[in-house]
Participant: 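Right, I'll just put the structure down here and ask away after.
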Amino acid sequence: MRIATRFAPSPSGHLHVGGARTALFCWAFAKGRDGTFILRIEDTDQKRSSDAASIGFAKDLHWLGILWDEGPQWQGVGGGPHGPYFQSERLAIYNHHLQRLLDAGHAYYAFETGEELDAKRKASAAAGKPYRYDRAALALQPDEVASKLAAGVPAVIRLKCPGHDVTIKDEVLGEATIPATEIDDFVIRKADGFPTYHFAVVVDDELMQVTHVLRAQEHFTNTAKHMLLQDALGFRRPAYAHLPIICNPDGSKMSKRDKDKALRKAVAERKLTEPPTGIVDPGAWGAWLGDKNVQLDLETGQRLADALGITLPEINVDDFKRSGYLPEVLINFLALNGWSPGNDIEKFDLEFLRTSFDPRRVVKTPAKFDRVKLLSFNCDAITGMPHEEFLRRAIAHGRSYHPAFMDRMGEQGIAMLAKASQERSKTLDDMFRGNRFFVVADDALTWERSKNTDKAMLGEAPSGCDHLRALLPVLGGVTEWTSTGIEAAVKPYAEAHAAGQLGKAAQPLRIAVSGGTVSPPIFDTLAILGKASTLRRIERAIAAFTATSA
RNA sequence: GGCCCCAUCGUCUAGCCCGGUCUAGGACAUCUCCCUUUCACGGAGAGGACAGGGGUUCAAAUCCCCUUGGGGUCACCA
């Protein structure tokens with residue numbers, strides 16, 4: 001039988017890095033064995049699903065280079081003989097198998113409301129006993145059930161568990177036996193007519209001929225339920241491999257809520273009581289501030305972060321894209337969380353992963369996601385790529401995330417900036433984020449006043465400002481305004497007037513034109529800025545620093 | 001709390017299944033020095049782990065037990 005794996009996200013948001021890793025391993029396992037990789041959208045929760053989210057998944061997966069053989073059709077991928085691939089479109093299929101279970105006496109209707117069940121759960125908790133469904137509905141007479149159904153009383157369907165222990169065989173975790181007492185008659189169809197996750201998964205995995213289920217370890221205990229369902233339905237049993245969770249450096253589970261956490265912290269630190277105008281509407285703001293469980297939607301959260309001047313932690317694949325990480329690096333790094341090829345190889349690509357991935361080499365322990373190491377990998381990849389490629393990718397990134405910057409710099413300016421930036425960039429975003437001074441109007445530039453800037457500009461004579469005054473005519477006389485042309489003028493000046501210490505002249509220049517102490521190499525910076533801007537900024541800088549120091 | 005799983009440098013991990021080749025290897029981070037017009041990059045070097053306790057054995061990171069610690073799960077969410 002042909003190997004088949006599936007990635008089955010619920011479309012309740014963007015693709016999370018943990019999900020991305022699951023997808024990656026599923027893909028690698030199937031594709032490395034001439035198998036099929038299926039994408040299935042588990043949208044059985046009507047309250048939490050959205051079409052936009054499933055498109056987000058497709059985009060993110062596509063960006064990572066993980067393409068599905070079967071699944072929703074999107075830009076030339078997908079389709080397949082086992083559709084539809086949205087669970088919400090498979091209701092008739094589920095109902096058919098539900099009826100089989102009912103007919104065989106393996107399942108039964110139950111009429112307790114959510115509130116009733118909650119009360120029973122609370123009572124058990126108060127008594128210090130674990131809660132299990134009490135099978136009250138099993139005592140109902142057939143005609144009672146029929147009349148309730150006919151009367152339209154909301155009903156769920158539960159699986160009648162056989163009452164024996166279940167031993168799970170797992171490719172990474174080995175064998176584990178779940179005692180019968182731990183598994184109660186769980187719900188397989190909700191009152192709204194939709195199947196629960198457990199039921200839909202089991203049916204779809206069978207019908208889509210999935211042979212290997214690779215999923216996160218949080219599903220491990222669920223496996224017992226799925227096995228019981230397979231037995232009741234007469235289905236085959238796929239092989240299971242449960243992948244360790246990816247978590248934050250502090251050990252907490254990585255989640256979308258981390259963004260809200262970062263925002264709340266920043267808001268508290270700034271003692272903000274009113275929302276920044278036009279970012280969050282006052283009603284939503286109040287609800288959000290008042291309840292830690294309320295989350296801001298992605299766009300609003302991002303706008304608030306921008307307004308507060310903070311960077312949100314990257315959680316979703318799209319966040320890493322926005323931050324300027326390369327897809328091939330993210331994939332490489334993700335694969336290293338929970339798996340390794342077994343030698344000292346750390347840098348590899350999709351193709352390598354495809355041919356070497358083996359679930360038996362998956363680690364059993366949860367991994368803490370180390371963004372610092374990821375950044376280091378990204379830096380290596382960026383500094384190591386051919387410059388044409390860097391230029392191309394930087395431009396694509398800029399068009400998506402910094403269109404105004406791109407416009408103001410112009411094609412030639414961007415090319416020059418890219419040239420000066422590649423070897424000092426850790427992400428595609430660095431070139432834009434760190435260099436905003438290039439695109440502010442000359443007369444709008446302000447200067448950071450700190451120990452460092454004041455020392456460089458106003459230190460002992462000749463001070464930075466003195467050098468700048470002297471440099472003004474020198475630069476003014478430069479006829480070939482290029483990096484080398486400028487260097488040819490400034491170097492001799494430093495030799496003659498700064499004891500050959502180029503820094504004595506370079507640093508004041510840097511501060512004057514950039515407003516701060518960090519920029520690309522100074523001659524490149526001046527060349528990109530142009531002669532007029534350079535001179536104008538120097539004049540204004542001298543004025544700004546000397547005016548306040550007098 | 002019940003149940004299930006897990007446990008090697010700060011972090012990701014190699015080694016564990018098939019005990020000796022492990023004075024435990026690599027990577028990121030850290031520290032020192034070098035390079036340097038800033039920030040980075042780069043180069044050289046250093047420190048850093050088998051959770052604890054019992055066994056088994058000539059020999060244990062590797063096998064067994066206990067303790068401790070961590071994670072997952074106990075929904076009409078997936």
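In what follows, chains are A, B, ... by sequence order, proteins preceding strands, each numbered from 1.
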Participant: Among pairs that include at least one residue of residues 505-515 of chain A, which meet side-chain hydrogen bond (donor to acceptor under 3.5 Å, both in side chains), considering only residues two or more places apart or in two chains?
Facilitator: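 side-chain hydrogen bond (donor to acceptor under 3.5 Å, both in side chains) check on residues 505-515 of chain A returns Gln507(A)-Arg510(A), Arg510(A)-Ser519(A).
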Participant: Over all strands shown, is His219(A) touching base, sugar-phosphate only, or nothing at heavy-atom distances under 4.0 angstrom?
Facilitator: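 Answer is base: heavy atoms of His219(A) come under 4.0 Å of a base.
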Participant: Mind checking what makes ring-ring contact (aromatic ring centres under 6.0 Å, His included) contact with Phe390(A), not counting sequence neighbours?
Facilitator: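 With sequence neighbours excluded, Phe390(A) shows a ring-ring contact (aromatic ring centres under 6.0 Å, His included) to no residue whatsoever.
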Participant: Any donor-acceptor pair under 3.5 Å between the side chain of Arg424(A) and the base of rC41(B)?
Facilitator: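 Donor-acceptor pair under 3.5 Å: no.
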Participant: What does Ser519(A) touch in the nucleic acid at a heavy-atom separation under 4.0 angstrom: a base, only the sugar-phosphate, or nothing?
Facilitator: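 Since a base atom lies under 4.0 Å of Ser519(A), the category is base.
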Participant: Pro521(A) side chain: which of rC28(B), rU38(B), rC76(B) is closest?
Facilitator: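 Nearest to the side-chain atoms of Pro521(A), counting from C-beta on, is rU38(B).
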Participant: Got a list of side-chain donor-acceptor pairs under 3.5 Å for residues 188-196 of chain A, not counting sequence neighbours?
Facilitator:
residue, atom, partner, partner atom, Å
Lys190(A), NZ, Thr44(A), O, 3.0
Asp192(A), OD1, Phe194(A), N, 2.9
Thr196(A), OG1, Val187(A), O, 3.0

Participant: If we take the C1' atom in both rA27(B) and rU23(B), what is their distance in whole Å?
Facilitator: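 Per the computed distance, 22 Å lies between those C1' atoms.
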Participant: Using the test side-chain contact (heavy atoms from CB on, under 4.5 Å), find all partners of Thr177(A) that sit at least two apart in sequence or belong to another chain.
Facilitator: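 Counting only residues at least two positions away or on another chain, Thr177(A) forms a side-chain contact (heavy atoms from CB on, under 4.5 Å) with Asp165(A), Thr167(A).
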Participant: Applying ring-ring contact (aromatic ring centres under 6.0 Å, His included), name anything that partners Phe320(A), two or more places apart in sequence or on another chain.
Facilitator: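 Here the qualifying residues are Tyr325(A), Phe369(A).
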Participant: Considering only atom C1', compute the distance from rC63(B) to rC18(B) and round it to an integer number of Å.
Facilitator: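 Going atom to atom, C1' in each nucleotide, I get 11 Å.
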Participant: For His106(A), what residues pass the ring-ring contact (aromatic ring centres under 6.0 Å, His included) criterion, not counting sequence neighbours?
Facilitator: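 ring-ring contact (aromatic ring centres under 6.0 Å, His included) list for His106(A), sorted by chain: empty.
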Participant: May I ask you to verify if any side-chain N or O of Lys225(A) is less than 4.0 angstrom from the OP1 or OP2 atom of rU73(B)?
Facilitator: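 For Lys225(A), the contact criterion (side-chain N or O under 4.0 Å from OP1 or OP2 of rU73(B)) is not met.
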Participant: Which atom pairs, one a donor and one an acceptor, fall under 3.5 Å between side chains of residues 375-387 of chain A and the rest of the protein, sequence neighbours left out?
Facilitator:
residue, atom, partner, partner atom, Å
Asn378(A), OD1, Leu326(A), N, 2.9
Asn378(A), ND2, Gly324(A), O, 3.2
Asn378(A), ND2, Lys426(A), O, 2.7
Asp380(A), OD2, Lys347(A), NZ, 2.9
Thr383(A), OG1, Cys379(A), O, 2.8
Thr383(A), OG1, Asp380(A), O, 3.4
His387(A), NE2, Lys419(A), N, 3.4

Participant: Per the atom types in the model, does the base of rG71(B) pair as donor or acceptor with the side chain of Gln217(A) at under 3.5 Å?
Facilitator: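 Result: no qualifying N/O pair found.
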Participant: List every contact pair, protein side and nucleotides 63-70 of chain B side both N or O, where the distance is under 3.5 Å.
Facilitator:
none

Participant: What is the base-pairing partner of rA27(B), counting Watson-Crick and G-U wobble geometry with both distances under 3.5 Å?
Facilitator: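 Checking every strand shown, rA27(B) finds its partner in rU11(B), with both distances under 3.5 Å.
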Participant: Looking at residues at least two apart in the chain, or sitting in another chain, which of them share a side-chain contact (heavy atoms from CB on, under 4.5 Å) with Ser340(A)?
Facilitator: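 For Ser340(A), the residues satisfying side-chain contact (heavy atoms from CB on, under 4.5 Å) (neighbours in sequence not counted) are Arg361(A).
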Participant: How would you list, by chain and number, every residue that makes a side-chain contact (heavy atoms from CB on, under 4.5 Å) with Thr181(A), sequence neighbours excluded?
Facilitator: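 Testing Thr181(A) for side-chain contact (heavy atoms from CB on, under 4.5 Å), a comparison that skips the adjacent residues, returns Pro179(A).
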Participant: Near RNA chain B, which residues from residues 123-137 of chain A have a heavy atom under 4.0 Å away?
Facilitator: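 Within this stretch, Arg132(A) sit under 4.0 Å of the strand.
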Participant: Using the C1' atom as the point on both nucleotides, what is the distance between rU30(B) and rG10(B), in whole Å?
Facilitator: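 It comes out at 9 Å once rounded to the nearest Å.
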Participant: Could you tell me whether Glu112(A) contacts a base, only the sugar-phosphate backbone, or nothing, with contacts defined as non-hydrogen atoms closer than 4.0 Å?
Facilitator: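 The answer is base, as Glu112(A) lies within the cut-off (heavy atoms under 4.0 Å) of a base atom.
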Participant: Please classify the nucleic acid contact of Asn222(A) as base, sugar-phosphate, or nothing, using heavy-atom distances under 4.0 Å.
Facilitator: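 Here Asn222(A) touches the bases of the nucleic acid.
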Participant: What about Lys373(A), does its side chain sit under 3.5 Å from the base of rA27(B) through a donor-acceptor pair?
Facilitator: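 Yes, the side chain and the base share a sub-3.5 Å donor-acceptor pair.
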Participant: Taking only heavy atoms on the protein side, list every residue of residues 336-349 of chain A lying under 4.0 Å from any atom of RNA chain B, sorted numerically.
Facilitator: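 Those residues whose heavy atoms fall under 4.0 Å from RNA chain B, taken from residues 336-349 of chain A in numerical order, are Leu336(A), Asn337(A), Gly338(A), Ser340(A), Gly342(A), Asp344(A), Glu346(A).
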